[in-house]
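To start, the structure under review is shown below, and the notes come after it.
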Amino acid sequence: MLKRDVVRVIKRRFHLPKPSETWRNAPKEKAECVVIGAGIVGLAVARELSLKGKEVLVLDSAPTFGTATSSRNSEVIHAGIYYPSNSLRARFCVRGRKLLYHYCSQRGIPHNQIGKLIVATGTSEIPKLNQLFNRGIQNGVENLRMLDASEAIKMEPELHCVKALLSPASGILDSHSLMLSLVGEAETNGATFSYNTAVIGGHLEGNQMVLHVCETKTLTNWDGNTPLQLDLLLMPKIVVNSSGLSAPTLAKRFHGLNTAIIPPAYYARGSYFILSNANSTRHPPFKHLIYPVPEEGGLGVHVTLDLDGQLKFGPDVEWIPHVPDTTNFLNKLCRDSTKTSWTWTVCL
């Protein structure tokens with residue numbers, strides 16, 4: 001069962017009793033560092049902690065690593081253009097991009113610095129493009145260039161625009177290979193991975209966080225009426241909640257934690273459409289990433305290439321009340337069923 005399915009079970013029928021009622025008889029174990037979630041963030045954290053000599057335990061409710069958003073994205077290495085100057089996101093993106101290219105090069109992880117064009121399709125978008133250019137310069141992004149329409153179309157003959165911003169530092173990578181590398185290094189340095197293991201909440205005992213842990217199959221087989229018996233109470237010195245879309249919900253299940261420090265969650269879903277023409281991978285119509293001027297809630301529907309030359313469009317932005325919400329997508333699938341030239345995948 002994937003992580004989002006466990007979330008569905010919890011959201012539908014999970015009524016938490018008080019810790020002393022049903023959890024007091026569960027076995028207790030101590031740990032130094034527990035990382036909740038084996039997505040790209042959790043894996044990177046686990047690797048770094050293990051390199052520092054920490055004993056690390058990684059828990060994930062899915063049967064393997066990277067089954068949620070870490071494997072459902074554009075696989076783009078961003079340059080650092082979009083974020084407000086001097087913000088943590090801007091600083092981390094610029095520095096992280098350099099570190100990521102270096103990491104991939106040193107370890108033979110497939111990647112390609114193919115560059116990106118952010119395009120203005122009308123004159124009304126040119127001021128926003130200029131703002132992005134100036135912000136990118138302030139953020140320390142190298143080699144940005146403004147192109148007029150003829151320059152951009154010379155680079156990409158299938159493109160139609162009035163102006164474009166070229167970001168040579170942008171690129172793509174194989175996210176699965178990256179995650180495999182992080183897992184391997186973490187395990188080499190002593191980290192332990194426990195899959196099919198769900199953290200469903202926790203509580204504070206003084207300054208000690210106690211995590212409530214059960215096997216995924218225990219949770220999925222639970223009838224919702226009888227008391228849920230935990231498999232383990234885990235007492236770590238350090239807890240990293242990197243459970244992705246589930247992180248805010250899980251944090252609210254840590255009894256005794258000040259909920260005021262938990263940021264609100266706003267969920268959006270995006271769909272990707274893949275160019276299915278038989279010649280598209282041999283001769284893709286674009287050689288660079290093609291992005292529109294950003295829209296509210298996202299970077300806009302863009303064109304990305306993977307390392308095999310497969311071209312896809314997306315994601316769009318659909319705001320949803322919680323995770324998961326499949327009704328609107330199923331309706332959309334019915335509406336889009338006549339688009340025989342496209343195949344679809346979904347980000348959840």
Side-chain angles (χ1 to χ4, degrees), residues 69 72-101 104 111-173 175 268-275 280 284-307 309-318 347:
T69 49
R72 292 169 172 79
N73 58 78
S74 299
E75 296 187 305
V76 170
I77 302 174
H78 287 286
I81 298 170
Y82 298 100
Y83 309 120
S85 300
N86 299 317
S87 66
L88 289 176
R89 293 183 74 184
R91 289 163 50 195
F92 291 164
C93 187
V94 172
R95 183 168 180 265
R97 180 245 307 163
K98 297 175 182 177
L99 292 173
L100 186 53
Y101 276 131
C104 291
H111 68 288
N112 193 355
Q113 190 174 331
I114 60 176
K116 172 167 68 175
L117 289 171
I118 305 174
V119 300
T121 56
T123 56
S124 62
E125 295 180 331
I126 292 178
K128 293 182 179 179
L129 202 63
N130 290 330
Q131 290 175 5
L132 287 177
F133 174 73
N134 292 330
R135 185 182 301 164
I137 296 297
Q138 293 171 359
N139 289 347
V141 180
E142 308 90 341
N143 303 319
L144 292 176
R145 286 177 51 205
M146 292 295 292
L147 307 177
D148 60 28
S150 60
E151 291 177 298
I153 294 171
K154 185 176 181 180
M155 293 180 64
E156 294 287 3
E158 299 295 329
L159 188 63
H160 296 275
C161 66
V162 296
K163 204 166 188 178
L165 172 58
L166 173 63
S167 169
S170 304
I172 56 176
L173 56 70
S175 60
R269 176 177 52 227
S271 300
Y272 286 91
F273 292 83
I274 299 174
L275 187 62
S280 62
F286 299 105
K287 298 178 181 178
H288 300 79
L289 303 167
I290 310 294
Y291 278 63
V293 172
E295 61 183 28
E296 184 179 356
L299 301 182
V301 174
H302 47 266
V303 174
T304 59
L305 292 161
D306 65 21
L307 292 164
Q310 178 66 67
L311 187 146
K312 60 184 177 182
F313 298 85
D316 57 358
V317 175
E318 180 184 0
C347 286

Check your understanding: Does the Gln310 side chain pair with the main chain of Leu275, one donor and one acceptor, at a distance under 3.5 Å?
Key -> yes
Check your understanding: What distance separates Leu289 CG from Leu117 CG, expressed to the nearest 0.5 Å?
Key -> 9.0 Å
Revision key, fill the gap. Residues Tyr83 and Ala90: closest non-hydrogen pair is CB-N, 3.7 Å
Check your understanding: At what distance, to the nearest 0.5 angstrom, does CE of Met146 lie from CG of Leu132?
Key -> 8.5 Å
Study note, to complete from the structure: For Leu159 and Ile153 the tightest heavy-atom approach is O-CG1, 3.4 Å
Check your understanding: Does some side-chain heavy atom of Thr121 sit less than 4.5 Å from a side-chain heavy atom of Pro292?
Key -> no
Review point. Does any non-hydrogen side-chain atom of Met155 lie less than 4.5 Å from one of Leu166?
Key: yes
Practice item. Locate the shortest heavy-atom distance separating Arg135 from Ile81; write the atom from each residue and the value. Key: CD-O, 3.3 Å
**Study point:** Minimal non-hydrogen separation, Glu156 against Phe286, with atom names
**Key:** OE1-CA, 3.3 Å
Review point. Got a second to check how far Ser170's OG is from His288's NE2, nearest 0.5 Å?
Key: 10.5 Å
Check your understanding: When rounded to the nearest 0.5 angstrom, what distance separates CG in Leu147 from CG in Leu165?
Key -> 7.5 Å
Check your understanding: Any donor and acceptor pair, going by atom type alone, linking the side chain of Tyr101 with main-chain N or O of Ala169 inside 3.5 Å?
Key -> yes
Review point. What class does the angle between the rings of His302 and Tyr272 fall in, given that below 30° is parallel, 30 to 60° is tilted and above 60° is perpendicular?
Key: perpendicular
Study note, to complete from the structure: In this structure, CD1 of Ile172 is separated from CD of Gln113 (nearest 0.5 Å) by 11.0 Å
**Study point:** Ring geometry between His78 and Tyr291 (parallel below 30°, tilted from 30 to 60°, perpendicular above 60°)
**Key:** perpendicular
Check your understanding: Which atoms form the tightest heavy-atom contact between Leu144 and Ile137, and what is the distance?
Key -> CD1-N, 3.9 Å
Point to revise | Sidechain N-carboxylate O distance under 4.0 Å for Glu75, Lys312 | key: no
Study note, to complete from the structure: All heavy atoms of Pro284 vs all of Leu305, minimum pair found to be CB-CD2, 3.9 Å
Check your understanding: For the atom pair CG (Asn86) and CG (Asn139), what is the distance rounded to the nearest 0.5 Å?
Key -> 7.5 Å
